Asker: 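Quick one: the structure is below, questions incoming.
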Amino acid sequence: MKFRCEREVLQEALATAGRAVSNRGGTLTALTGIRAELVGDRLSLTGTDLDLTITVDLEVSGGGDGVVVLPAKLTSDIVRALPEGSVEVSVGDEEAEIVAGKATFTVLLLAPEGFPVPRTSSVEPVAVPAKEFADAVRKVARAASRDETRSVALTGVLMASEDGGLRLVATDSYRLALADLPGVSLLAESTQVIVPARALNELVRLLGAAGADDDVEVRLDEGTASFGLGTRQITTRLIEAEYPNYRGLIPSNQPNRLTVGRESLLEAVRRVALMVQSTPTPIRLVTGTEQLELLAITPDRGEAREALESSYEGEELTVAFNPEYLLDGLDATSGDEVSLQTVDGLKPALLRSADDEGFLYLLMPVRVS
């Protein structure tokens, strides 16, 4: 097995596949590597931790088909350090020789036992607009839980058929994000799956370079989901769990409505949050008829205040939020203005934009004395 390609191309492919490589202690040795399969002039590089798999195909100048497992980090570090230009890789029984210019490295191969053979799905793919899908995932996945010791369902994003389109929902029980993609018929009517948020975040990395007219090919097959974009593919195990009743979390009536410039509020929250960074202290929003006041008070540091022009309908109210969660919601919401709809200082608040009726961000207030 032997191939040659440009260093930059090989480096990027190794880095992309390497994002799925296992870094858990006690893992199988093979899973710390990248599987390299050469067929003709096509090289496939695959990294996996068994839950998430990333495969990158690239065109090379091949010489002799074969399959080996290369140590992921060492190989990637070597290729990154090589001079620009052509890289030649020659594989023997137990080692691979990597040559570029006057530099030569010999790397011991990993035993392939334990590395799964990539499976080809027979399910027909569904084409989903890459730009719209990536935008919805970016907005929603941030609300998924990162705590794997809690409910495993909360570490995923619910994808459900809704009114002839696709709905994405994520919650960590402190906030909830929901985005609708009308006309995207990915799932059969009344069906849903839970996709790990980690896999979708990795997909967004790949979709970031996609053009506006590109599609991502989605396959749902036997407990797995795969997402293909050109020469790259992500495959992940679906989460087999019951998702909480998110509909019951969304208030049906909220009599108080604050309307304010999104960018102004985003910048003001960032400034006021400097006073409470690295502490569990929330930011208070004091609503009035003519202006919104942001307030952060810490006994051992001091306080920060900032007032913003706004419009408000309802009873005067003080409501407090985790600043990180509030910033996430403002960052995800589009448009020039946002509305914050509340019932009182303790019930869930809704952050929305008139420019995007298909997205909402629900946020639990923090009790303050």
Side-chain angles (χ1 to χ4, degrees), residues 1-121 198-199 202-203 205-206 209 224 226 228-237:
M1 176 178 170
K2 183 177 182 179
F3 63 87
R4 185 176 67 253
C5 70
E6 290 299 304
R7 180 193 65 86
E8 185 177 349
V9 174
L10 182 58
Q11 176 189 334
E12 182 182 357
L14 286 168
T16 300
R19 294 193 60 82
V21 171
S22 178
N23 56 11
R24 302 170 186 166
T27 192
L28 290 170
T29 301
L31 297 184
T32 65
I34 288 178
R35 183 180 188 269
E37 179 177 8
L38 181 65
V39 178
D41 290 331
R42 190 199 69 180
L43 178 67
S44 295
L45 299 176
T46 301
T48 186
D49 64 1
L50 300 183
D51 291 323
L52 174 68
T53 301
I54 300 178
T55 297
V56 182
D57 293 338
L58 58 157
E59 290 295 317
V60 299
S61 178
D65 297 352
V67 179
V68 295
V69 178
L70 300 163
K73 186 178 186 307
L74 178 58
T75 304
S76 187
D77 287 347
I78 289 172
V79 172
R80 186 184 306 112
L82 292 174
E84 292 185 4
S86 179
V87 177
E88 186 171 287
V89 180
S90 303
V91 178
D93 293 336
E94 298 180 351
E95 61 188 29
E97 184 179 74
I98 304 172
V99 179
K102 296 182 179 181
T104 301
F105 290 84
T106 301
V107 177
L108 295 179
L109 302 175
L110 299 181
E113 288 76 21
F115 201 107
V117 176
R119 184 173 63 89
T120 301
S121 174
R198 176 195 170 203
E202 291 297 338
L203 176 63
R205 288 177 179 269
L206 299 187
T224 65
S226 66
L229 184 69
T231 60
R232 304 180 180 195
Q233 179 169 292
I234 289 180
T235 303
T236 183
R237 290 178 178 173

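Both backbone and side-chain heavy atoms feed into the values below; hydrogens, waters and symmetry mates do not. If you're wondering where the values come from, they're calculated on a predicted model, not measured in any experiment.
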Asker: In chain order, what residues pass the salt bridge (Lys or Arg N to Asp or Glu O under 4.0 Å) check against Arg232, with sequence neighbours excluded?
Answerer: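 Result, salt bridge (Lys or Arg N to Asp or Glu O under 4.0 Å) vs Arg232: Glu12.
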
Asker: Any pair with a residue in residues 53-63 that passes side chain to side chain donor-acceptor pair (under 3.5 Å), sequence neighbours left out, goes on the list, sorted by first then second residue, please.
Answerer: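 Every pair satisfying side chain to side chain donor-acceptor pair (under 3.5 Å) with a residue in residues 53-63: Ser44-Asp57, Thr46-Thr55, Thr48-Thr53.
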
Asker: How would you list, by chain and number, every residue that makes a side-chain hydrogen bond (donor to acceptor under 3.5 Å, both in side chains) with Asp65, sequence neighbours excluded?
Answerer: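 In terms of side-chain hydrogen bond (donor to acceptor under 3.5 Å, both in side chains), with neighbours along the sequence ignored, Asp65 is linked to no residue.
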
Asker: Which heavy atom in Gly114 sits nearest to a heavy atom in Leu31, and how many Å separate them?
Answerer: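 Looking at all heavy atoms of both residues, the shortest contact is O-CD2, 3.9 Å.
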
Asker: With a 4.5 Å cut-off on side-chain heavy atoms, are Ser86 and Arg7 touching?
Answerer: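 No. Closest side-chain heavy atoms not under 4.5 Å.
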
Asker: Tell me every residue that passes side-chain hydrogen bond (donor to acceptor under 3.5 Å, both in side chains) with Asp77, counting only those two or more places apart in sequence or in another chain.
Answerer: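 If we apply the side-chain hydrogen bond (donor to acceptor under 3.5 Å, both in side chains) test to Asp77, skipping adjacent residues, the hits are Lys73, Arg80.
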
Asker: How many angstroms lie between CG in Leu229 and CG in Leu206, if you round to the nearest 0.5 Å?
Answerer: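 Nearest 0.5 Å value for the CG-CG distance: 7.0 Å.
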
Asker: As an exercise, state the distance from CG of Leu10 to CD1 of Ile98, rounded to the nearest 0.5 Å.
Answerer: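 Going from CG on Leu10 over to CD1 on Ile98, the span is 8.0 Å.
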
Asker: Any heavy-atom pair between the side chains of Val107 and Pro71 that's under 4.5 Å?
Answerer: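 They are in side-chain contact.
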
Asker: Per the salt bridge (Lys or Arg N to Asp or Glu O under 4.0 Å) rule, what does the pair list look like for residues 90-105, sequence neighbours excluded?
Answerer: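 Listed once each, the pairs would be none.
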
Asker: With sequence neighbours excluded, what pairs up with Glu8 under the salt bridge (Lys or Arg N to Asp or Glu O under 4.0 Å) test?
Answerer: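 Partners of Glu8 under the salt bridge (Lys or Arg N to Asp or Glu O under 4.0 Å) test: none.
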
Asker: Going by salt bridge (Lys or Arg N to Asp or Glu O under 4.0 Å), name the pairs with one or both residues in residues 28-47, residues two or more places apart or in two chains.
Answerer: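 Pairs touching residues 28-47 that pass the test: Arg35-Glu37.
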
Asker: Return the set of residues passing side-chain contact (heavy atoms from CB on, under 4.5 Å) with Ala36 (not counting sequence neighbours), or none when no residue passes.
Answerer: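 In terms of side-chain contact (heavy atoms from CB on, under 4.5 Å), with neighbours along the sequence ignored, Ala36 is linked to Met1, Leu43, Leu45, Val68, Leu70.
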
Asker: Can you give me the closest heavy-atom contact between Ala199 and Ile234, atom names plus distance?
Answerer: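 Result for this residue pair: O-CD1, 4.2 Å.
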
Asker: Please name all residues satisfying side-chain hydrogen bond (donor to acceptor under 3.5 Å, both in side chains) with Arg237, sequence neighbours left out, ordered by chain then number.
Answerer: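 Once residues adjacent in sequence are excluded, the partners of Arg237 under the side-chain hydrogen bond (donor to acceptor under 3.5 Å, both in side chains) criterion are Asp51.
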
Asker: Do you know the tightest heavy-atom contact between Gly92 and Leu109?
Answerer: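 Shortest heavy-atom contact: O-CD1, 3.8 Å.
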
Asker: Which atoms form the tightest heavy-atom contact between Ala111 and Ala30, and what is the distance?
Answerer: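 Shortest heavy-atom separation between Ala111 and Ala30 comes out as O-CB, 3.4 Å.
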
Asker: Kindly write out the residues that satisfy side-chain contact (heavy atoms from CB on, under 4.5 Å) with Ala81, not counting sequence neighbours, or none if the list is empty.
Answerer: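 Per chain and number, Ala81 pairs via side-chain contact (heavy atoms from CB on, under 4.5 Å) with no residue.
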
Asker: Which residues satisfy the side-chain hydrogen bond (donor to acceptor under 3.5 Å, both in side chains) test with Thr75, sequence neighbours excluded?
Answerer: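 Testing Thr75 for side-chain hydrogen bond (donor to acceptor under 3.5 Å, both in side chains), a comparison that skips the adjacent residues, returns none.
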
Asker: Taking the side chain as everything from C-beta on, heavy atoms only, tell me whether Val21 gets closer than 4.5 Å to Ile34.
Answerer: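 Answer yes - side chains close enough.
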
Asker: Give the minimum heavy-atom separation between Ala20 and Gly47, together with the two atoms involved.
Answerer: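 Closest approach of Ala20 to Gly47: CB-O, 3.3 Å.
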
Asker: OG1 of Thr236 to CG of Leu52: how many Å apart, nearest 0.5 Å?
Answerer: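 CG of Leu52 is found 5.5 Å from OG1 of Thr236.
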
Asker: Going by heavy atoms in the side chains, are Leu38 and Val91 under 4.5 Å from each other?
Answerer: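 SC-SC contact between Leu38 and Val91 ruled out.
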
Asker: Is the shortest side-chain heavy-atom distance between Arg198 and Asp49 below 4.5 Å?
Answerer: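 Yes, side chains in contact.
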
Asker: So, for Leu82 and Ala100, which heavy atoms are closest and what is the spacing to 0.1 Å?
Answerer: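 The answer is CD1-CB, 3.9 Å.
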
Asker: Distance check, rounded to the nearest 0.5 Å: Arg19 atom CZ versus Leu14 atom CG?
Answerer: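 It is 14.0 Å, given to the nearest 0.5 Å.
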
